Amino acid sequence: MYADALKRGEKIFAVAPMIDWTDSRCRYLHRQMSKRALLYTEMVVADAIIHGNRDRLLGYSAEEHPVALQLGGSDPAKLVEAVRIAADYGYDEINLNVGCPSDRVQSGTFGACLMRDAGHVASLIEAMKAVATVPVTVKCRIGIDDQEPETVLPDFLARMIGAGADAIWIHARKAWLQGLSPKENRDIPPLDYDLVHRMKRENPDVFLGINGGIIDLEQAADHLAVMDGVMLGRAAYHNTGLLAGVDAMIGGSSPGGTNTTDVDWLALRDTMMAYADDVMASGGRLNHVTRHMVGLFQGFAGARRFRQILSSDATKPGATTAVIEAAFAAVDLEAGPKRQAVAAE
Ligand SMILES: Cc1cc2nc3c(=O)[nH]c(=O)nc-3n(C[C@H](O)[C@H](O)[C@H](O)COP(=O)(O)O)c2cc1C
């Protein structure tokens with residue numbers, strides 16, 4: 001996928017891995033908005049895959065492709081085992097998390113603290129590559145704690161490239177492992193887009209994507225003028241409508257901006273109602289689907305009411321997909337968005 005994209009000069013737009021957010025239900029919705037965006041799973045810890053309920057952790061709908069599975073771990077044997085198990089589920093890519101700063105992750109010595117040991121990460125990538133039948137990629141930071149990104153990042157990238165990583169996604173800020181919560185670590189350490197852009201110019205033959213603080217498709221298009229890929233997390237989740245403009249943007253036919261006016265909203269409503277019925281028939285709850293839909297109509301008249309209906313009515317006992325119908329009926333679909341939507345966590 002990445003080698004072909006590079007060869008053909010195609011750009012990749014990705015929705016970031018986000019724990020508790022980018023589950024299968026969320027990805028199903030995102031896929032209705034964009035056929036081409038690469039969708040990441042939540043991080044799944046290798047140990048959980050080995051010992052836990054595999055179908056629950058790894059199962060998803062065929063409609064979600066292309067989907068990348070993000071793994072957390074630092075033990076090569078466990079990661080290899082997880083890659084082997086995941087092969088049966090047909091993911092399009094396996095990604096290693098080298099960016100998550102939470103205490104839980106640090107105590108397992110993986111996630112962002114692996115930035116301290118690029119040699120070890122390289123050996124993990126080599127081990128995973130040896131058994132994977134799909135691209136193996138890395139998502140990292142520009143450094144951690146008192147590391148100097150100007151020296152650490154080029155060295156880290158060189159080692160990942162040497163180990164055969166098919167793509168590297170860089171969250172363009174450090175993680176500060178002492179004293180900041182994971183949420184603060186997504187906002188407080190300053191962004192350094194210039195450094196990441198320079199890394200791309202210095203590595204023309206390797207797929208490099210940028211992530212962090214990008215809030216709309218205009219900014220995404222600016223990054224794509226330099227980078228091979230752009231990854232949005234919070235903005236894509238909170239302002240799901242922006243995904244409607246992605247396919248045109250990466251197809252090169254539009255310089256960006258949202259295309260929400262082109263969406264067949266009633267078809268989307270019907271698709272999501274049918275999907276929610278399926279989810280409920282297999283033991284899920286309506287809210288498992290609707291909780292990811294609240295960001296669909298940022299900027300539309302009626303968006304507030306849409307959110308209220310979904311948030312309050314979808315959790316009531318006995319709630320049916322009529323809640324989705326009622327929520328859509330509250331939105332002025334014809335008029336489209338009144339104002340530029342702004343993403344916030
Ligand atoms: C709720 C939440 C959960 C996240 N979980 C993960 C995760 O599982 N793996 C990961 O690599 N990053 C995770 N992140 C970080 C995002 O992937 C992304 O790097 C970060 O939010 C910055 O991008 P953004 O400014 O576009 O949101 C998470 C972010 C959020 C908001």
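Being a predicted model, the structure only gives us computed values, none of them experimental. In listed order, ligands and their atoms are each counted from 1.
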Exercise. Taking only heavy atoms of Lys139, which atoms of ligand 1 are found under 4.0 Å from at least one of them?
Worked result: 10 (C), 11 (O), 12 (N), 15 (C), 16 (C), 17 (O), 18 (C), 19 (O)
For this session: Under 4.0 Å from a heavy atom of Asn97: give me the atoms of ligand 1 that qualify, with their elements.
Result: 9 (N), 10 (C), 11 (O)
Exercise. Does ligand 1 have an atom under 4.0 Å from some heavy atom of Gly213?
Worked result: yes
Problem set entry | Per atom 5 (N) of ligand 1, closest listed option by heavy atom (Ile19, Ile210, Leu96) | Ile19
Exercise. Do ligand 1 and Met231 have nitrogen or oxygen atoms that lie under 3.5 Å from each other?
Worked result: no
Exercise. Are any of the side-chain nitrogens in Asp192 or Arg198 under 4.0 Å away from the carboxylate oxygens of its partner?
Worked result: no
Problem set entry | 4.5 Å side-chain heavy-atom contact, Leu157 and Leu208 | yes
For this session: Give a yes or no answer on whether the side chain of Arg141 reaches the backbone of His171 with a donor-acceptor pair at less than 3.5 Å.
Result: no
Exercise. Against heavy atoms of Arg234, which atoms of ligand 1 measure under 4.0 Å?
Worked result: 21 (O), 22 (C), 24 (P), 25 (O), 26 (O), 27 (O), 31 (C)
For this session: Ignoring angles and geometry beyond distance, decide whether Asn211 reaches within less than 3.5 Å of ligand 1 through its nitrogen or oxygen atoms.
Result: yes
Exercise. How does His171 reach ligand 1, by side chain, by backbone, by both or by neither, if only non-hydrogen atoms under 4.0 Å count?
Worked result: side chain
Problem set entry | Charged N-O contact under 4.0 Å between Lys129 and Asp166 | yes
Exercise. Does Arg159 use its side chain to pair, donor to acceptor, with the backbone of Ala122 at less than 3.5 Å?
Worked result: no
Exercise. Any idea which part of Lys183 is under 4.0 Å from ligand 1, heavy-atom wise: side chain, backbone, both or neither?
Worked result: neither
Exercise. Heavy atom under 4.0 Å from ligand 1: found in Arg186's side chain, backbone, both, or neither?
Worked result: side chain
Problem set entry | Distance (rounded to the nearest 0.5 Å) between Asp146 CG and Gln178 CD | 10.5 Å
For this session: Run through Glu93, Lys139, Gln70 and flag the one making a side chain to side chain donor-acceptor pair (under 3.5 Å) with Tyr40.
Result: Glu93
Seminar exercise, completed: Of Met18, Met43, Glu42, the one whose closest heavy atom lies nearest atom 4 (C) of ligand 1 is Met18
Problem set entry | Separation between CZ of Phe306 and CE of Met293, rounded to the nearest 0.5 Å | 5.0 Å
Problem set entry | Among Pro17, Ala172, Gly99, closest by any non-hydrogen atom to atom 17 (O) of ligand 1 | Pro17
Exercise. What distance separates Leu310 CG from His292 NE2, expressed to the nearest 0.5 Å?
Worked result: 12.0 Å
Exercise. Can you name the one residue among Leu268, Asp277, Leu286 that meets side chain to side chain contact (heavy atoms under 4.5 Å, CB included) with Ile324?
Worked result: Leu286
Problem set entry | Per-atom contacts of ligand 1 with Gly233, taking only distances under 4.0 Å to non-hydrogen atoms | 24 (P), 26 (O), 27 (O)
Exercise. Applying a 4.0 Å heavy-atom criterion (strictly less than), which segment of Leu232 is in contact with ligand 1: side chain, backbone, both, or neither?
Worked result: backbone
Exercise. Judged by non-hydrogen atoms, does Cys100 sit under 4.0 Å from ligand 1?
Worked result: no
